[in-house]
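What follows is one structure encoded as structure tokens, with my remarks underneath.
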Amino acid sequence: MSKKLVALIPGDGIGPEVVAQAKRVLVHYRDVRGLPLDLWDLDLGADRYLRDGTTFPKEVSERIENEASAVLLGALGDPRVPNLEHARDILFGLRFGLDLYANIRPMKALDDRLVPLKNRSAKDVNVTVFRENTEGIYVGMGGQFKRGTPDEIAINEDVNTRKGVERLIRAGFEFAKKNGKKTVHMADKSNAMKHAHELWYRCFFEVAKEYPGIEAKHVYVDALCLYLIQDPSPFEVVVTCNLFGDIVTDLGAALQGGLGMAASANVHASDPSRVAMFEPVHGSAPPLAGKDLANPLASVLTVGMLLTHLGYPDEEAKLEGIVTKAIVEKKCTRDVGGELGTRAVGDFVMAQLQG
Ligand code: NAD
Ligand code: IPM
Ligand code: MN
């Protein structure tokens, strides 16, 4: 059986600490469970950039594109590198370069204790967000004019293509269909962004016609933020643009216990055989870095999503069960009510996997 190449990019800040624990899980699957995995450690991130100027070399991106099945990324962002120069090359090099147009971010609370809302429990928080991942305000089109003068102008264009919008919306409906979900919400600001989001609005209801069993509902993104903290239970699948997806999923992370619990997958949804990239939703959390404080469970859940992509969905369910147990038994870090360090949480996860 040919081996599946998994590239590991620990990155910056807490990235290396959480990826170290995620890697133990992958090594277990490779060495103990015999999955045909080939792990490839990549030294990319702020340290490397500051050392020799390297961000995301062409030979690395080409090998990832042509040979890898998956990439696991920790986080990028370092106060020593202003303007996130290196991070953009790597993160957007993967998302845009590999055309990973759907950023799938489950907001799922695994235990009642993690839900901060009054009169709500874990069963009320189970939303899968499909964030458009290759367009929008993120493409970097625009520029600055008369910079540093009182007349300066700064423009970032919001790019929305029919192809890009339609394929992301379709990915959300396909997910809903496969997973027995009854509704898909589309969150936009078509009341303010009358060109770009009129496209989203029109396209959403057109695509929805292909899925008669699924109710298509429109919601303005500002109202969605309100509803999610009043009562998230009516939401099952949310499709939205790049920027709103970023913001809404940090809000969503708060409903599931914080960023230490939020996993994500970046995929070319219409062709699962293509390489995909997996990363926790959180960033590099510089104040926590190097202190053994970071919660590695988002990364363990992210490995679960990666294993489903490689064809082992039962393992994702198993890892979710172990993470739930870590929370219930308080074998977790402080952000989720435990007292353990990052490595000790990894020890608990490994003991469960081995047991
Ligand atoms: P952040 O996600 O790093 O941190 C936000 C808050 O969540 C902080 O209070 C932090 O302590 C907490 N937190 C995050 N991850 C945690 C974990 N695993 N365990 C416990 N607590 C955790 O966001 P930020 O502070 O806005 O950004 C820091 C840097 O990370 C910036 O450079 C930012 O651009 C970058 N960033 C990168 C990514 C990525 O690589 N995908 C994602 C988000 C932010
Ligand atoms: C994320 C991050 C990134 C994003 C930043 C670091 C550019 O916030 O992955 O959620 O906005 O996509
Ligand atoms: Mn974000």
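Given the structure is predicted, the values throughout are model-derived calculations rather than measurements. First listed ligand is number 1; within each ligand, the first listed atom is number 1.
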### Task
Output yes when a protein non-hydrogen atom is found under 4.0 Å of atom 30 (O) of ligand 1, and no otherwise.
yes
### Message
Using modelled atom types and a 3.5 Å cut-off, is there a donor and acceptor pairing between side-chain atoms of N103 and backbone atoms of A265?
### Response
yes
### Query
How long is the span from the CG atom in D78 to the CG atom in L84, to the nearest 0.5 Å?
9.5 Å
#### Entry: Those atoms of ligand 1 less than 4.0 Å from some heavy atom in L84
32 (O), 34 (O)
### Message
Which residue and atom name correspond to the protein heavy atom nearest atom 7 (C) of ligand 2, and how close is it?
### Response
F92 CZ, 3.8 Å
### Query
So does R167 pair up with D99, basic N to acidic O under 4.0 Å?
yes
### Query
When you check the gap from the basic side-chain N to the acidic O, do E174 and R170 get nearer than 4.0 Å?
no
### Task
Mark up the atoms of ligand 2 that fall under 4.0 Å of a heavy atom belonging to R95, in ascending order.
1 (C), 4 (C), 9 (O), 12 (O)
### Query
Of all the atoms in ligand 2, which lie at a distance below 4.0 Å from a heavy atom belonging to R131?
4 (C), 10 (O), 11 (O), 12 (O)
### Any N, O or S atom of D246 closer than 2.8 Å to the Mn ion (ligand 3)
yes
### Task
Taking atom types as modelled, find out whether D151 and T149 have a side-chain donor-acceptor pair closer than 3.5 angstrom.
no
### Query
For ligand 1, which atoms have a heavy atom of A75 less than 4.0 angstrom away?
40 (O)
### Message
Show the nearest heavy-atom pair for residues T161 and G164, with the distance to one decimal.
### Response
OG1-N, 2.8 Å
### Message
Among all the protein's non-hydrogen atoms, which is closest to atom 5 (C) of ligand 2, and how far away is it?
### Response
L91 CD2, 4.2 Å
### Task
Could you point out which residue of V323, N295, V18, L353 forms a side-chain contact (heavy atoms from CB on, under 4.5 Å) with V300?
V323
### Subset of ligand 2 atoms that lie under 4.0 Å from at least one heavy atom of R105
1 (C), 9 (O), 10 (O)
#### Entry: F145/E152 under side-chain contact (heavy atoms from CB on, under 4.5 Å): CA gap, chis, key distance, verdict
CA-CA 6 Å; F145 183 49; E152 78 178 319; over 6 Å; no
### Message
Protein non-hydrogen atoms only, distance under 4.0 Å: does atom 44 (C) of ligand 1 have such a neighbour?
### Response
yes
### Query
What atoms in ligand 1 come closer than 4.0 Å to a heavy atom of L259?
2 (O), 5 (C), 7 (O), 14 (C)
### Task
Closest by any non-hydrogen atom to atom 38 (C) of ligand 1: pick that one out of G283, A298, G13, S284.
G283
#### Entry: Heavy-atom side-chain proximity of L110 to L301 below 4.5 angstrom
yes
## Note on the structure
d(C332 SG, L114 CG) to nearest 0.5 Å is 8.0 Å
### D47 and R80 ion-paired at < 4.0 Å
yes
#### Entry: Closest candidate by heavy atom, reference atom 8 (O) of ligand 2, pool L73, L243, D246
D246
### Message
Protein non-hydrogen atoms only, distance under 4.0 Å: does atom 40 (O) of ligand 1 have such a neighbour?
### Response
yes
### Those atoms of ligand 1 less than 4.0 Å from some heavy atom in E279
41 (N)
### Message
Please report whether atom 26 (O) of ligand 1 has a protein non-hydrogen atom at a separation of less than 4.0 Å.
### Response
no
### Message
Aromatic contact between Y227 and H185, with the criterion being ring centroids under 6.0 Å apart: yes or no?
### Response
no
### Task
Step through it carefully: locate the ring centre of F204, locate the ring centre of H218, and say whether they are under 6.0 Å apart.
no
### Message
Quick test: of every protein heavy atom, which one is nearest to atom 11 (O) of ligand 2, and how far off is it to 0.1 Å?
### Response
Y138 OH, 2.6 Å
## Note on the structure
With sequence neighbours left out, the residues meeting side chain to side chain contact (heavy atoms under 4.5 Å, CB included) with E65 are L98
### Message
With a 4.5 Å cut-off on side-chain heavy atoms, are S121 and D124 touching?
### Response
yes
### Message
Heavy atom to atom 22 (C) of ligand 1, shortest distance: which of N266, I90, L288, D12 holds it?
### Response
L288
### Query
Looking only at protein heavy atoms, which one is nearest to atom 17 (C) of ligand 1, and how far off is it?
N295 N, 3.6 Å
### Message
How far is atom 28 (C) of ligand 1 from the closest protein heavy atom, and which atom is that?
### Response
P286 CD, 3.6 Å
### Within-shell test, L297 vs ligand 1, heavy atom, strictly < 4.0 Å
no
### Query
In the protein, what heavy atom is nearest to atom 10 (C) of ligand 1, and what distance, to one decimal place, separates them?
A285 CB, 3.9 Å
### Task
Indicate yes or no: does D314 engage K318 in a salt bridge with an N to O separation below 4.0 Å.
no
### Message
At less than 4.0 angstrom from any non-hydrogen atom of I14, what atoms of ligand 1 do you find?
### Response
15 (N), 16 (C), 17 (C), 18 (N)
## Note on the structure
Among non-hydrogen protein atoms, atom 14 (C) of ligand 1 lies closest to H282 CB, 3.6 Å
### Summary
A student checking ligand 1 against G77 at a 4.0 Å heavy-atom cut-off should list atoms 32 (O)
### Task
Give the contacting part of V281 toward ligand 1: side chain, backbone, both or neither, where contact means a heavy-atom distance below 4.0 Å.
backbone
### Task
Could you find the nearest protein heavy atom to atom 35 (C) of ligand 1 and give me its residue, atom name and distance?
L76 O, 3.1 Å
